[in-house]
Amino acid sequence: MLGPVILAASRSDQMRRFVSAAPGTKQVVSRFIAGETVDQVVPIVKDAAAKGLEVTLDVVGEDITTREQSYAARDAYLDLIAHLEDLGLGERAEMSVKLSMFGQALEGGHELALANVRPVVEAAAAIGTTVTLDAEDHTTLDSMFAIHEELRKDFPQTGCVIQAYLFRTEDDARRLAAAGSRVRIVKGAYKEPSSVAYQDKAEIDKAYVRITKILMEGDGYPMIGSHDPRLIAISQELARRAGRKLDEYEFQMLYGIRSEEHVRLAAEGHRMRVYTAYGTDWYGYFMRRLAEKPANLLFFGRSVITKN
């Protein structure tokens, strides 16, 4: 039951200061965060392309408190897109955005987030790529889906994320699959109450399979976000039963986790995309990675002890 405790810590300023100051933190963070600047992440995109992989890039830092910070987040993505265009990497890299980073939680946040994300989506389309709207905690999802629907009027390739542990997600999947949009399914990595989300891992896995089946049988483009070998194999079988070709869905995994599997799937002919986060405000993202897998926490603990 460490996961919920770690997720609670991800919102603690005191814990943020402790983790940031720990001697072994930098070593572990570098396993999950590709760098702090665009210049540091571009070689990773090039390396992925050379291996037959694609990437989705996430500028971390969703915990903003001012409109000025939301504008800075927008500009960070526009800068990223400009770099990708200059290097001819637009077709190998898409963007993932968290609308909280674009001001969704501020006063008038829905309209602010839409106004901030639209130029990013426009710029991405201009260089031949697209944007996926990441899912956050359940209280933000109605706004996220409404923004997704609005963006798709002009940019139908805009994607979104759904989370298997939420009770609502099967209905969301049916709606999105019928709409023909790009949909990434993940298990979910936020601390959610039992009134809205499954708490048992087995129940979450069952929901993941049910939802993947809906997506594979629908008209959209499923993006399977998982490192679980069993769920990957099941997804392959569901795709086969649905008559999908290998380029009609894709797998997505996190940078720094199961890297050999990334290459193996690509070598088999699958589209394989590596979710690559970068930036200086890494704490929330890092803590969710620890919560997802206890082994990551043990790795962090050993690093801290070794450095002391």
Side-chain angles (χ1 to χ4, degrees), residues 3 7 56 94 96 98-99 130-149 152 156-254 257-258 261 265 270-273 275 288 291-293:
L7 289 174
T56 184
E94 67 163 43
S96 287
K98 291 180 174 60
L99 292 176
T130 189
V131 170
T132 294
L133 306 184
D134 272 334
E136 300 181 70
D137 75 79
H138 77 278
T139 64
T140 68
L141 295 184
D142 286 340
S143 171
M144 185 273 280
F145 285 130
I147 289 174
H148 176 246
E149 184 175 353
R152 289 195 69 234
Q157 69 274 29
T158 304
C160 69
V161 177
I162 55 177
Q163 301 167 106
Y165 66 175
L166 295 176
F167 300 150
R168 64 173 289 170
T169 300
E170 288 185 57
D171 288 337
D172 289 331
R174 292 187 184 93
R175 172 176 55 81
L176 291 163
S181 56
R182 299 168 63 258
V183 184
R184 180 197 305 149
I185 176 174
V186 299
K187 289 185 180 181
Y190 290 83
K191 188 178 186 302
E192 298 286 11
S194 58
S195 58
V196 301
Y198 299 107
Q199 306 295 309
D200 180 71
K201 181 183 181 301
E203 291 300 321
I204 296 171
D205 286 354
K206 291 176 184 177
Y208 194 104
V209 172
R210 293 195 300 269
I211 295 162
T212 299
K213 185 174 186 290
I214 292 169
L215 295 178
M216 289 296 185
E217 293 177 351
D219 296 325
Y221 179 77
M223 300 180 285
I224 309 303
S226 178
H227 305 96
D228 186 327
R230 180 170 170 270
L231 291 180
I232 290 170
I234 291 172
S235 298
Q236 289 173 311
E237 176 61 18
L238 291 173
R240 187 192 65 78
R241 292 181 185 180
R244 285 186 177 264
K245 299 176 182 177
L246 293 183
D247 63 352
E248 293 177 340
Y249 64 100
E250 69 182 47
F251 291 103
Q252 296 192 4
M253 297 185 188
L254 296 172
I257 299 180
R258 300 198 72 203
E261 184 70 356
L265 286 169
H270 290 286
R271 295 192 68 182
M272 175 65 225
R273 192 178 301 276
Y275 189 105
R288 285 193 295 277
E292 286 172 348
K293 190 174 181 182

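Side-chain contact between Glu94 and Val131 is absent, with no heavy atoms from C-beta onward closer than 4.5 Å. With a 4.5 Å cut-off on side-chain heavy atoms, Met216 and Ile224 count as touching. At a threshold of 4.5 Å between non-hydrogen side-chain atoms, the residues Leu265 and Arg258 do not count as touching. By the 4.5 Å heavy-atom criterion applied to side chains, Lys201 and Asp205 are counted as neighbours. Residues Glu192 and Asp137 meet the side-chain proximity criterion, which asks for heavy atoms closer than 4.5 Å. Residues Val196 and Pro193 are in side-chain contact: their nearest non-hydrogen atoms beyond the backbone lie under 4.5 Å apart. No side-chain heavy atom of Glu250 sits under 4.5 Å from any side-chain heavy atom of Met272. With a 4.5 Å cut-off on side-chain heavy atoms, His138 and Thr169 do not count as touching.
For the pair Arg152 and Glu149, the salt-bridge criterion is not met [side-chain N within less than 4.0 Å of a carboxylate O]. Between Glu237 and Arg240 there is a salt bridge, since a side-chain N of the basic residue sits under 4.0 Å from a carboxylate O of the acidic one. Taking 4.0 Å as the cut-off between side-chain N and carboxylate O, Arg174 and Asp171 count as a salt-bridged pair.
Between Ile211 and Ala173 the shortest heavy-atom distance is CG2-CB, 3.8 Å. A pairwise comparison of heavy atoms in Met223 and Thr132 identifies CE-OG1, 4.1 Å as the closest pair. Across Lys98 and Asp134, no two heavy atoms sit closer than the pair NZ-OD2, 3.3 Å. Taking each heavy atom of Ser226 and Met253 in turn, the nearest pair found is O-CG, 3.5 Å. When every heavy atom of Gly218 is checked against every heavy atom of Ala177, the shortest pair comes out as CA-CB, 4.0 Å. Across all their heavy atoms, Arg244 and Pro222 have their closest contact at NH1-CD, 3.4 Å.
Ring-centre distance between Phe167 and Tyr198: below the 6.0 Å cut-off.
A donor-acceptor contact closer than 3.5 angstrom is absent between the side chains of Tyr190 and Gln163. For the 3.5 Å distance criterion, the side chains of Tyr221 and Arg271 qualify, holding a donor opposite an acceptor.
In this structure, CD1 in Ile162 is found 9.5 Å from CD in Glu170, a value given to the nearest 0.5 Å. From Ile232, atom CD1 reaches atom CD of Gln236 across 7.5 Å, with rounding to the nearest 0.5 Å. Note: Phe145 CZ to Thr140 OG1 = 9.0 Å, rounded to the nearest 0.5 Å. Rounding to the nearest 0.5 angstrom, the gap separating the OG1 atom in Thr212 from the CG atom in Leu231 is 7.5 Å. If you take OG1 on Thr139 and CG on Leu141, they are separated by 7.5 Å, rounding to the nearest 0.5 Å. Taking CD1 from Ile185 and CG from Leu215, the interatomic distance works out to 6.0 Å, rounded to the nearest 0.5 Å.
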Task: Full working for side-chain contact (heavy atoms from CB on, under 4.5 Å) between Ile204 and Gln199 - done: CA-CA 7 Å; Ile204 296 171; Gln199 306 295 309; over 6 Å; no

Task: Residue pair Ser235, Phe251: steps toward the side-chain contact (heavy atoms from CB on, under 4.5 Å) verdict - done: CA-CA 9 Å; Ser235 298; Phe251 291 103; 4.1 Å; yes

Task: Derivation and outcome, side chain to side chain donor-acceptor pair (under 3.5 Å), residues Ser96 and Thr56 - done: CA-CA 6 Å; Ser96 287; Thr56 184; 2.8 Å; yes

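Checked against side chain to side chain donor-acceptor pair (under 3.5 Å), Glu261 has the following partners two or more places apart in sequence or in another chain: Arg264.
At least one donor-acceptor pair under 3.5 Å links the side chain of His148 to the backbone N or O of Thr158.
Taking the centre and axis of the six-membered ring of Tyr275, the NZ or CZ atom of Arg184 falls outside the cone set by 45° and 6.0 Å.
Legend: salt bridge (Lys or Arg N to Asp or Glu O under 4.0 Å) pairs involving residues 218-230, not counting sequence neighbours, sorted by first then second residue: Lys187-Asp228.
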